[in-house]
Amino acid sequence: MTGASGSIYGIRLLQELPGEKILVMSKVAKAILPVETDYTLKQVEALADAVYQDDDMFAPISSGSYQYDVLFVAPCTESSVAKFACGIGDTLISRAVMCALKEHRKTFLLTRETPKDAIMLENELKLARNGAIIMDANPGFYPHPKTVEEVVDFVIGRCLQMAGVPQALFKPWNGRQDE
Ligand SMILES: Cc1cc2nc3c(=O)[nH]c(=O)nc-3n(C[C@H](O)[C@H](O)[C@H](O)COP(=O)(O)O)c2cc1C
């Protein structure tokens with residue numbers, strides 16, 4: 001999790017993704033958590049099987065040889081996007097993304113910024129061309145969400161679909177609005 005608005009996206013992913021989960025939060029991600037949610041840092045960390053600090057370059061995910069299935073940066077700042085696009089790996093999060101990309105691992109960036117300038121768009125394009133999947137935190141409204149939770153869960157449901165995980169968080173479009 002990096003320091004963009006949308007801590008809840010990282011939390012919901014930790015709650016919904018199956019399997020073993022490794023969590024790293026940037027300094028600003030930790031600071032934003034209590035501003036946007038009622039979760040404490042301890043409660044969020046308890047959702048993961050392992051927690052590493054963003055300055056811990058000795059963590060397993062800082063090596064490309066460490067095997068895992070998918071990497072989400074959720075939420076993902078444009079500052080981190082810029083680092084990833086330039087191949088800078090001076091934090092655990094940026095190093096893990098660098099490794100995931102070079103290993104051709106599924107790498108999802110749940111970016112959140114608006115509006116986006118040309119620098120941000122060019123960085124995202126560069127990453128997309130290098131295999132990253134840019135998942136803007138951008139809900140659809142065809143399932144007629146009634147609550148903020150349903151809006152969030154549309155985004156998380158799409159993340160689960162993309163990661164190959166069965167999901168029931170939202171009803172996918174089936175071509176007919178009356179069913
Ligand atoms: C309350 C708050 C909300 C922020 N929201 C965003 C955001 O939505 N998107 C973004 O790119 N940066 C946002 N920022 C700025 C980043 O936190 C800042 O650029 C930071 O250096 C990113 O570092 P990190 O990517 O290591 O977490 C926000 C900062 C604060 C304090």
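Both ligands and their constituent atoms are indexed starting at 1 by order of listing.
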Colleague: Does one side chain, of Asp54 or Ser26, offer a donor that lies under 3.5 Å from an acceptor on the other?
Modeller: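 The answer is no; no qualifying pair exists.
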Colleague: Take the angle between the ring planes of Phe72 and Phe108 and call it parallel below 30°, perpendicular above 60°, tilted in between.
Modeller: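 Judged by the thresholds at 30° and 60°, the geometry between Phe72 and Phe108 is parallel.
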Colleague: Distance under 4.0 Å to a non-hydrogen atom of Val28: what atoms of ligand 1 satisfy this?
Modeller: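 Taking each heavy atom of Val28 in turn, ligand 1 has 17 (O), 20 (C) under 4.0 Å.
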Colleague: Compute whether any side-chain donor of one residue and acceptor of the other, for Thr77 and Ser79, lie under 3.5 angstrom apart.
Modeller: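 Note: Thr77 and Ser79 side chains miss the donor-acceptor criterion.
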Colleague: List the closest protein heavy-atom neighbour of atom 7 (C) of ligand 1: residue, atom name, distance to the nearest 0.1 Å.
Modeller: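 Checked against all protein heavy atoms, atom 7 (C) of ligand 1 sits closest to Arg112 O, 3.2 Å.
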Colleague: Is there a path from Phe84 to Tyr66 through hydrophobic residues (I, L, V, M, F, W, Y) whose side chains come within less than 4.5 Å of each other?
Modeller: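 They do share one cluster, since a chain of ILVMFWY contacts under 4.5 Å joins Phe84 to Tyr66.
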Colleague: Would you kindly say whether Gln53 and Lys27 are connected by a side-chain donor-acceptor distance under 3.5 Å?
Modeller: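 Looking only at side-chain atoms, Lys27 and Gln53 do not form any donor-acceptor pair under 3.5 Å.
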Colleague: With backbone taken as N, CA, C and O and side chain as the heavy atoms from C-beta onward, which portion of Ile93 lies under 4.0 Å from ligand 1: side chain, backbone, both, or neither?
Modeller: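 Neither part.
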Colleague: Judged by modelled atom types alone, do Ser5 and Glu36 share a side-chain donor-acceptor pair under 3.5 Å?
Modeller: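 Yes, side-chain donor-acceptor contact under 3.5 Å.
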Colleague: Given Gly3, Ala137, Ser7, which one has a non-hydrogen atom that is nearest to atom 14 (N) of ligand 1?
Modeller: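 The residue whose heavy atom sits nearest atom 14 (N) of ligand 1 is Gly3.
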Colleague: Flag Ser5 as yes when one of its N or O atoms lies below 3.5 Å from any N or O atom of ligand 1, and as no otherwise.
Modeller: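 Yes; at least one N/O pair falls below 3.5 Å.
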Colleague: As an exercise, identify every atom of ligand 1 less than 4.0 angstrom from a heavy atom of Glu78.
Modeller: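 In order of number, 10 (C), 11 (O).
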Colleague: Show the atoms of ligand 1 that are less than 4.0 angstrom away from any heavy atom in Ser80.
Modeller: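 Result: 24 (P), 25 (O), 26 (O).
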Colleague: If we set the cut-off at 4.0 Å for heavy atoms, which region of Ala4 has an atom near ligand 1: side chain, backbone, both, or neither?
Modeller: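 Both backbone and side chain.
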Colleague: Taking everything shown except Ile119 itself, do over 12 heavy atoms lie less than 6.0 Å from its CD1?
Modeller: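 12 or below, so no.
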Colleague: Do the numbers put Arg112 on top of the ring of Tyr9, so that NZ or CZ is under 6.0 Å from the six-membered ring centre and no more than 45° off the axis?
Modeller: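 Judged by the rule (NZ or CZ under 6.0 Å from the ring centre, within 45° of its axis), Arg112 is not positioned above Tyr9.
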Colleague: Please state which part of Thr77 comes within less than 4.0 Å of ligand 1, counting heavy atoms only: side chain, backbone, both or neither.
Modeller: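 Answer for Thr77: both.
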Colleague: Can you pull out the closest protein heavy atom to atom 10 (C) of ligand 1? Residue, atom name and distance to 0.1 Å, please.
Modeller: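 Nearest neighbour among protein heavy atoms for atom 10 (C) of ligand 1, to 0.1 Å: Glu113 OE2, 3.4 Å.
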Colleague: Should you measure from each heavy atom of Ser26, which atoms of ligand 1 turn up under 4.0 Å away?
Modeller: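 The list of qualifying atoms is 24 (P), 26 (O), 27 (O).
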Colleague: Is the number of heavy atoms from other residues, nucleotides or ligands within 6.0 Å of CG (Asp38) greater than 12?
Modeller: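 Result for CG/Asp38: open.
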Colleague: Can you tell me if Ile32 has a non-hydrogen atom under 4.0 Å from ligand 1?
Modeller: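 Distance cut 4.0 Å: Ile32 passes for ligand 1.
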Colleague: Please indicate, with yes or no, if any protein heavy atom is found under 4.0 Å from atom 18 (C) of ligand 1?
Modeller: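 For atom 18 (C) of ligand 1 the answer is no, since every protein heavy atom stays at 4.0 Å or beyond.
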Colleague: Does any N or O atom in Ser79 lie less than 3.5 angstrom from one in ligand 1, N or O only?
Modeller: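 No, since none of the N or O atoms of Ser79 sits under 3.5 Å from an N or O of ligand 1.
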Colleague: Under 3.5 Å between any N/O of Asp54 and any N/O of ligand 1: does that happen in this structure?
Modeller: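 It does not: no N or O of Asp54 is found under 3.5 Å from an N or O of ligand 1.
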Colleague: Taking Lys146 for the side chain and His144 for the main chain, is one N or O donor matched with an acceptor at less than 3.5 Å?
Modeller: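 Flag set: sc Lys146 to bb His144 pair under 3.5 Å.
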